[in-house]
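Here's the structure we're looking at; comments come further down.
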Amino acid sequence: SKKDTISKPSKLSGIVTFSSKGRINASVSTELVAKENKYIFLSYINYRKQPEYIFGIGNDVKREDMEEVQFERFRFATTALVRVQENLYLGVPLDISTYFNVQPDSNSFLIKNNVAGLDGGFTFGIGLAGALDSRENRYNPSQGAYVIGTLIFHPSFLGSAYQFTKFELDARKYFNPWLKHVIAVQATTTSAQGNTPFYELALMGGDRQMRGYYQGAYRDKVLVDGQVEY
């Protein structure tokens with residue numbers, strides 16, 4: 001709304017990649033802010049057809065045991081938040097996904113151990129979310145804090161092929177000690193309990209945190225990590 005001069009900027013971003021081997025990754029994500037910062041909608045939609053590389057599950061894994069797992073995925077996730085106090089938001093997360101054409105290596109530990117998720121399947125999750133956002137700039141912060149947590153349940157009566165609960169917490173703090181120098185501290189944790197498919201476990205690495213690690217090469221039911229950036 002042109003009349004809303006108070007809300008922080010919204011963001012919409014998308015990416016589509018193709019490879020010569022038929023791999024596809026297409027995503028659109030949004031961070032929409034409305035009604036003078038009263039409502040925030042965080043959404044993500046993705047279609048993916050490309051392999052993942054996995055060393056195993058748990059702490060006792062080795063790089064030499066790396067396996068390739070092919071699959072296709074469609075996923076839609078959204079979190080609707082409402083401001084209840086200054087900088088404090090509460091809301092509801094929704095996570096819908098389906099995995100299909102899962103193809104591990106013929107001698108994969110996933111097959112030997114009959115790990116949940118081998119057959120793919122549909123999951124529907126809903127839960128609770130909370131956020132604290134005191135950043136002065138949502139997309140290029142130099143001070144303030146940002147904390148967001150979600151607790152999502154995947155019950156059978158909503159059609160989920162696997163019944164599990166997933167908790168995620170992302171906490172960030174920004175410091176501006178002098179001039180234009182910024183120090184950012186971040187800690188995250190993920191906990192997946194129940195009959196969790198291997199592709200919904202806590203995944204280490206990726207393009208947003210712990211970037212030195214391929215996302216999902218290390219995975220388990222619980223992950224705690226932290227990083228500092230200058």
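Computed from a predicted structure; not experimentally measured. Any value given below was found using the heavy atoms of this structure, including those in side chains, with hydrogens, waters and symmetry copies removed. Throughout, numbering of the chain's residues begins at 1 and tracks the sequence.
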Quiz item: Think Arg135 forms a cation-pi with Tyr146, using NZ or CZ under 6.0 Å from the six-ring centre and within 45 degrees of its axis?
Solution: yes
Quiz item: Between Thr79 and Val92, is any pair of side-chain heavy atoms under 4.5 Å apart?
Solution: no
Exercise. Under the side-chain hydrogen bond (donor to acceptor under 3.5 Å, both in side chains) rule, what do Asn101 and Glu72 come out as? Steps first, then yes or no, please.
Key: CA-CA 6 Å; Asn101 294 335; Glu72 292 184 61; 2.7 Å; yes
Quiz item: Is it the case that one hydrophobic cluster holds both Leu128 and Val84, taking links as side-chain heavy atoms less than 4.5 Å apart, direct or via other members?
Solution: no
Quiz prompt | Closest non-hydrogen atom pair between Leu223 and Leu203, with its separation | solution = CD2-O, 3.5 Å
Exercise. Show your reasoning for whether side-chain hydrogen bond (donor to acceptor under 3.5 Å, both in side chains) applies to Gln143 and Tyr174.
Key: CA-CA 4 Å; Gln143 55 188 348; Tyr174 301 89; over 6 Å; no
Quiz item: Is the backbone of Glu200 close enough, under 3.5 Å, to the side chain of Lys166 for a donor and an acceptor to pair up by distance?
Solution: yes
Practice problem: Kindly indicate whether the side chain of Val228, heavy atoms from C-beta on, has any atom under 4.5 Å from the side chain of Tyr230. | Solution: no
Quiz item: Is it true that a side-chain atom of Arg83 and a backbone atom of Glu36 form a donor plus acceptor pair closer than 3.5 Å?
Solution: yes
Self-check item: Co-membership, hydrophobic cluster, residues Met66 and Tyr218, 4.5 Å side-chain
Solution: yes
Quiz item: Taking the side chain from Asp65 and the backbone from Phe55, do they hold a donor-acceptor pair closer than 3.5 Å?
Solution: no
Exercise. Any chance you could lay out the side chain to side chain contact (heavy atoms under 4.5 Å, CB included) test for Gln50 and Ile24, step after step, and finish with the verdict?
Key: CA-CA 6 Å; Gln50 61 185 39; Ile24 303 170; over 6 Å; no
Quiz item: Do Phe71 and Leu201 belong to the same hydrophobic cluster, where Ile, Leu, Val, Met, Phe, Trp and Tyr are linked whenever their side-chain heavy atoms lie under 4.5 Å apart, directly or via other members?
Solution: yes
Exercise. Using a 4.5 Å cut-off on heavy atoms from C-beta on, say whether the side chain of Phe164 contacts that of Asn195.
Key: no
Exercise. Measure across Ser7 and Ala34 and return the closest heavy-atom pair with its distance rounded to 0.1 Å.
Key: OG-C, 3.7 Å
Self-check item: Point-to-point distance, once rounded to the nearest 0.5 Å, from CG of Leu151 to CZ of Phe153
Solution: 4.0 Å
Self-check item: Backbone of Tyr139 reached by a side-chain donor or acceptor of Asn137 within 3.5 Å
Solution: yes
Practice problem: For His181 and Pro177, work out which heavy atoms get closest and say how close. | Solution: O-CD, 3.4 Å
Exercise. Take Ile126 and Leu158 through the test side chain to side chain contact (heavy atoms under 4.5 Å, CB included) and record every step on the way to the result.
Key: CA-CA 9 Å; Ile126 191 169; Leu158 290 178; 3.9 Å; yes
Quiz item: Is it the case that Tyr162 and His154 place a side-chain donor and acceptor less than 3.5 Å from each other?
Solution: no
Exercise. Assign the ring pair Tyr199 / Tyr99 to parallel, tilted or perpendicular, where the plane angle (0 to 90°) is split at 30° and 60°.
Key: parallel
Quiz item: Out of curiosity, does Val115 fall in the hydrophobic cluster containing Val102 (side-chain heavy atoms, cut-off under 4.5 Å, transitive links)?
Solution: yes
Practice problem: Tell me, with the steps shown, if Gln193 and Ser191 meet side-chain hydrogen bond (donor to acceptor under 3.5 Å, both in side chains). | Solution: CA-CA 6 Å; Gln193 303 299 326; Ser191 175; 3.1 Å; yes
Quiz item: Taking a hydrophobic cluster as the set of Ile, Leu, Val, Met, Phe, Trp and Tyr residues connected by side-chain heavy atoms closer than 4.5 Å, whether directly or through intermediates, do Leu118 and Ile57 fall within one such cluster?
Solution: yes
Exercise. Could you verify whether a donor N or O on one side chain and an acceptor N or O on the other, from Ser108 and Glu67, lie under 3.5 Å apart?
Key: yes
Quiz item: So Phe124 and Phe122, would you call those rings parallel, tilted or perpendicular, with 30° and 60° as cut-offs?
Solution: tilted
Quiz prompt | Ring centre gap for Tyr53 and Tyr214 strictly below 6.0 Å | solution = yes
Quiz item: Is the backbone N or O of Val182 less than 3.5 Å from a side-chain atom of Ser142, with the two atoms forming a donor-acceptor pair by type?
Solution: no
Practice problem: Examine the side chains of Thr188 and Gln186 and answer whether a donor and an acceptor come within less than 3.5 Å of each other. | Solution: no
Practice problem: Could you pull out the closest heavy-atom pair between Val69 and Phe198, with the gap in Å? | Solution: CG1-CZ, 4.0 Å
Quiz item: Okay, side chain of Asn46, backbone of Ala26: is any donor-acceptor separation there less than 3.5 Å?
Solution: yes
Quiz item: Judged by atom type as modelled, is there a donor-acceptor pair below 3.5 Å linking the side chain of Thr189 to the main-chain atoms of Leu169?
Solution: no
Quiz item: Are side-chain heavy atoms of Val82 and Tyr89 found at a separation under 4.5 Å?
Solution: no
Quiz item: Under 4.5 Å between any side-chain heavy atoms of Ile40 and Arg138, yes or no?
Solution: yes
Exercise. Check Pro104 against Leu110 and note the closest heavy-atom contact, atom names and distance.
Key: CB-CD1, 4.1 Å
Self-check item: Residues, nucleotides or ligands: over 12 heavy atoms within 6.0 Å of Lys8 NZ
Solution: yes
Quiz item: Can Glu168 and Ile152 be said to form a side chain to side chain contact (heavy atoms under 4.5 Å, CB included), step by step?
Solution: CA-CA 9 Å; Glu168 293 183 283; Ile152 301 180; 5.5 Å; no
Quiz item: Does any N or O in the side chain of Gln103 come within less than 3.5 Å of the main-chain N or O of Gln70, such that one atom is a donor and the other an acceptor?
Solution: no
Self-check item: Arg211 atom CZ, neighbour heavy-atom count above 12 within 6.0 Å
Solution: yes
Quiz item: Do Thr30 side-chain atoms and Leu32 backbone N/O form a donor-acceptor pair below 3.5 Å?
Solution: no
Quiz item: More than 12 non-hydrogen atoms from neighbouring residues, nucleotides or ligands closer than 6.0 Å to OH on Tyr213, yes or no?
Solution: no
Exercise. Please report the C-alpha distance between Asn59 and Asp220 in whole Å, then the side-chain angles of each, then the deciding distance to 0.1 Å, and finally whether the side-chain hydrogen bond (donor to acceptor under 3.5 Å, both in side chains) criterion is met.
Key: CA-CA 8 Å; Asn59 290 320; Asp220 205 346; 4.7 Å; no
Quiz item: Out of curiosity, Gln227 CD to Arg208 CZ, how far, rounded to the nearest 0.5 Å?
Solution: 10.0 Å
Practice problem: Decide whether Ser97 and Thr123 meet the rule of one side-chain donor and one side-chain acceptor closer than 3.5 Å. | Solution: yes
Quiz item: How far apart are the C-alpha atoms of Phe74 and Ile45, what are their side-chain angles, what is the distance that settles it, and do they pass the side chain to side chain contact (heavy atoms under 4.5 Å, CB included) test?
Solution: CA-CA 8 Å; Phe74 176 82; Ile45 187 168; 3.8 Å; yes
Quiz item: Got more than 12 heavy atoms from elsewhere within 6.0 Å of CZ, Arg23?
Solution: yes
Practice problem: Kindly indicate whether the side chain of Tyr47, heavy atoms from C-beta on, has any atom under 4.5 Å from the side chain of Asn25. | Solution: no
Quiz prompt | pair Tyr44-Ser27: side-chain heavy atoms closer than 4.5 Å | solution = yes
Quiz item: So how far is it from Lys35 NZ to Asn37 CG, rounded to the nearest 0.5 Å?
Solution: 12.5 Å
Quiz item: When you measure from the side chain of Ser10 to the backbone N and O of Val33, does any donor-acceptor pair fall under 3.5 Å?
Solution: yes
Practice problem: Give the minimum heavy-atom separation between Ala129 and Leu81, together with the two atoms involved. | Solution: CB-CD2, 4.1 Å
Quiz item: Should Asp95 and Phe76 count as side-chain neighbours, where that means a heavy-atom distance under 4.5 Å?
Solution: no
